[in-house]
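As structure tokens, the structure follows; a few thoughts come after it.
Throughout, a chain's letter reflects where its sequence line sits, starting with A, and its residues are numbered from 1. Fair warning: this is a prediction, and the values are worked out from it, not measured in the lab. Hydrogens, waters and symmetry mates are skipped; everything else that's a heavy atom, side chains included, is used.
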Amino acid sequence: MSLLRFSTAGSVDDGKSTLIGRLLYDSKGVYEDQLASVAKASVGSSGSSVGGNGGKIDLALLTDGLRAEREQGITIDVAYRYFSTPKRKFIIADTPGHEQYTRNMATGASTADLAIILIDARNGVLQQSRRHAFIANLLGIRHFVVAINKMDLVAFDEAVYDAIRTEFTEFLRRIGAPGALFIPISARDGDNVVDRSTHTPWYSGPALLDHLETVAVDEDRELLPARFPVQYVVRPNLDFRGYAGQVASGVFRPGDEVMALPARRVSKITRIVTYDGDLESAVAPQSVTICLADEIDISRGDVLVPAAKLPHVARRFRANCVWMNAQAMEPGRGYFIKHTSHQVRGVVRAINFRVDVNTLEKVGAARLQLNEIAEISIETHHPLYFDAYTLNRVTGAFIVIDPLSNETLGAGMIVDIEGREETRGQVSPVEREARFGHRGAIVAVEDQESALLLERELFDRGANVAVLPTPDSGALALAKSAGLILIAVASVPPGAIDLRRLATNEAIRQLEKRAALSGHEEQLIEGEGI
Amino acid sequence: MDHLDLLEAESIHIIREVAAEFQNPVMLYSIGKDSSVMVRLAQKAFHPGLIPFPLLHIDTTYKFREMIEFRDKFVESIGARLIVHTNRSAIEDGANPLRIGTQKCCGLLKTRALLDGLAAGGYDAAFGGARRDEEKSRAKERVYSFRDEFGQWDPKNQRPELWSVYNARVDKGQHIRVFPLSNWTELDVWQYIERENIPIVPLYYAKPRPMVVRGSSLVPVEQDFMLMPGEKAEMVMCRMRSLGCSPCTGAIRSEADTIEKIIDEMKLVRRSERENRVIDHDQEGSMEIKKREGYF
């Protein structure tokens, strides 16, 4: 039996809960005692989804879990539902559709292979349907079903269906989403949900459940370059050392040559170990333990990849980010970035643009508020090994964690390494800054001893730095434009940052401000009590 | 890969993440079928090594005798370390469901005992075998479920959880409850037990047992069970669909004495498994209330 994960989004009145209730009910995913308590509640409920349901069980009540939701009559979080048919097991990520729940929609979509977009036939394509499709597409869902609901209330009119289909197909094309299957349904009465309806003789496609049971969602993760993030080193005794993890993509076989990052050491796979015996090959998303021929220092957070197909190894990259916390994201702030099994410190360098989820326009933003989506530039303190999210949903995804409150603040989908669009032609100052982690600068210190101390400190943080005992103006200008930090001793050349009489850490702080020197791990959170 | 392979791979990934990121994890072991599956997944996660964290059983002392026997034999056979914690002072004060009511009894012998047991061990992560399909309020539970200094759950303020990237950060005194079986259904659990040959407590298999028929429930006659006026024990062919404390676990009439028959029965059954757990129905929205206070 195969498994399909799909997401739904919708508001109180578009019939989403009724549709899910219908799928659970008709596929016998609901037990009698649950139904009985729902029947009891239906009598007392006056929610809009009950309106006109004259004495029938309100299927929507099957899916609204928490007390607050039952009281307010809305779905405020992501709820997961399960049902199965003889052909497939289904996991539904059921999310609310209002704009203030963008984060919940994104969460539900993150693990889904397919999205059901609900459209109320009476109202046509609304902001909400577009928003849901945009988020589902952003989160990498490749299969869309557009369920045009409440067809019974428009007399199963084919023209209504056609108009919505035409309009929404154009919208999906515009956002770069894959094509969709459009199904005319009535969730309340069950038309085209489990069985084809006699009310829509003009519709020749499958019923919804039929499509969900048969749609192929294997995204050929095996064909992607192999990636194996190491989660845990298994070392029960001196004779066994294995790297436990879940294959993110591609295929691993005994005998394959793999490179361990960041060590960049190459070795051969000797065994792929599981509790149920060694494997001839491992594919995503199998959880296995890989043994190598050579003793290499590999630990959690490292990744095994084929040497011929390396991921990006970079500290600076651009990503689409959905912000999920009331505390706004601000450029310059330090966060934890958790990416596969790797957690590093990082700082948001810039918000490149925000996307208005209603108009899809790119707009400027000084900070990113709850439920907003933007493309941002991030710099981490240690390199991440990643692929673009559109190619790999595992190695392209990360979450943003607040080092103070420990809360999950946002979700990121990596677009590309930073500065990619500028890699042709003359090397630009932006590229130099991206590589070195600072701008070119000339600084002045009082003596040789402070110069060497500061050089060591800067060098250890990866800066491109040199001491120039006898400054000459031509050399200084050239070095500065080449992105170097030059330390001049005893004199203060024109344009230099005067660091004389400053302690090394204070000098560094000045450079962080004036030469965009990237913050150091400890420095970033200094004074925040970590 | 079929659905069981996919669920297995996901659960193993979760278990390894926790073992790697937390200082001092523990696996809650209730002896039931879900625990049995969870322990097998932990064995698989660290093979050929042993499970690198202890198992913790919160013993209310009202468990079926067969459960305790099974527990001790099973834990020894897999080379795991078992810790048993009981709220002794409450027992000595006479806590039992008939005297103080099921709500209070659960509060003392399960919730309180669990929180004390976790605090005593200084655990910062505790695995539980709960599944989202068990009960409505569990449908929104995260895989990593954050608990504050008092062990409480705030359903309105849960951390977003995307992909399989889990946020493992907690401050001292806080902990995370981890549910590796979140996406499993009862049927998945049974199919996996069958496929993997996982040993389970014999109470799950049907056989004639002494029962009291109370309304639509079958209540097992165990320990110092008290008959109500006019009640009489009778032998009934039955089995337990889920295992709790003997006074609060009803049996179901069943002929299913093998895993195959249990699965066939599952496919036909139209009533949810927790229906026979008295404690879930003691007040409206009762599981959510218990969970907020720290119950699993």
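- Residue Ala284(A) comes nearest to Met1(B) through the heavy atom pair O-SD, 4.1 Å, listed as atom of the first residue, atom of the second, then distance.
- Atoms CG and CD, on Asn104(A) and Gln158(B) in that order, are 10.5 Å from each other to the nearest 0.5 Å.
- The residue among Gly49(B), Pro160(B), Ala168(B) with the most heavy atom pairs within less than 4.5 Å of chain A is Pro160(B).
- Between chain B and the options Ala93(A), Ser110(A), Ser341(A), Gly242(A), the largest number of non-hydrogen pairs under 4.5 Å is found for Ser110(A).
- Heavy atoms of Ser182(B) lying under 4.5 Å from chain A belong exclusively to its backbone.
- With respect to chain A, the highest number of heavy-atom pairs below 4.5 Å among Arg40(B), Gln174(B), Glu17(B), Glu8(B) belongs to Glu17(B).
- The minimum heavy-atom distance linking Val234(A) with Pro48(B) is given by the pair CG1-CD, 4.1 Å.
- Heavy atoms closer than 4.5 Å to chain A are found in the side chain of Glu196(B), but not in its backbone.
- The shortest heavy-atom contact between His3(B) and Ser2(A) is CB-O, 4.1 Å.
- Heavy atoms closer than 4.5 Å to chain B are found in both the backbone and the side chain of Thr408(A).
- Heavy atoms of Ala248(A) lying under 4.5 Å from chain B are absent altogether.
- Tyr82(A) and Asn183(B) share a side-chain donor-acceptor pair at under 3.5 Å.
- Of all the listed residues (Val288(A), Val283(A), Val394(A), Thr340(A)), the one sharing the greatest number of non-hydrogen pairs under 4.5 Å with chain B is Val288(A).
- The closest side-chain heavy-atom distance from Pro285(A) to Leu6(B) is below 4.5 Å.
- Proximity to chain B is absent for every atom of Val233(A), based on heavy atoms less than 4.5 angstrom apart.
- A salt bridge links Glu21(B) with Arg300(A): the closest approach of a Lys/Arg side-chain nitrogen to an acidic carboxylate oxygen falls below 4.0 angstrom.
- Between the side chains of Asn167(B) and Asn406(A), no donor-acceptor pair is found at a separation under 3.5 Å.
- Ranked by heavy-atom pairs shorter than 4.5 Å toward chain B, the options Ala106(A), Ser405(A), Gly245(A) are led by Gly245(A).
- A distance of 12.0 Å separates CG of Asp5(B) from CE of Met1(A), quoted to the nearest 0.5 Å.
- Salt bridge Lys44(B)/Asp276(A): present, at least one basic N to carboxylate O contact under 4.0 Å.
- Most heavy-atom pairs under 4.5 Å with chain A: of the set Arg159(B), Glu161(B), Gln191(B), this distinction falls to Arg159(B).
- With sequence neighbours left out, the ring pair (Phe, Tyr, Trp, His ring centres under 6.0 Å) criterion links His47(B) to Tyr275(A).
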Fill in: Chi angles and distances behind the side chain to side chain contact (heavy atoms under 4.5 Å, CB included) call for Arg169(B), Gln343(A)
CA-CA 11 Å; Arg169(B) 296 189 57 86; Gln343(A) 182 172 293; 3.6 Å; yes
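- For a residue to count as touching a neighbouring chain, one of its non-hydrogen atoms must lie under 4.5 Å from one of that chain's; by this rule Leu50(B) does not touch chain A.
- When heavy atoms are compared at a cutoff of 4.5 Å, Lys338(A) approaches chain B by way of both its backbone and its side chain.
- A cation-pi arrangement, defined by a distance under 6.0 Å to the six-membered ring centre and an angle within 45 degrees of its axis, is absent between Arg16(B) and Tyr232(A).
- With a 4.5 Å cut-off on non-hydrogen atoms, Phe240(A) touches chain B through its side chain but not through its backbone.
- In this structure, the portion of Arg5(A) lying under 4.5 Å from any heavy atom of chain B is its side chain and not its backbone.
- Annotation for Ala9(B) and Ser287(A): closest pair O-OG, 2.8 Å, computed over non-hydrogen atoms.
- Other residues, nucleotides and ligands contribute at most 12 non-hydrogen atoms within 6.0 Å of the CZ atom of Arg81(B).
- Here the straight-line distance linking atom CG of Leu162(B) with atom OG1 of Thr111(A) works out to 8.0 Å at 0.5 Å rounding.
- The NZ atom of Lys89(A) sits 8.5 Å away from the CH2 atom of Trp184(B) when rounded to the nearest 0.5 Å.
- Ring centers of Trp163(B) and Phe398(A): at least 6.0 Å apart, outside the cut-off.
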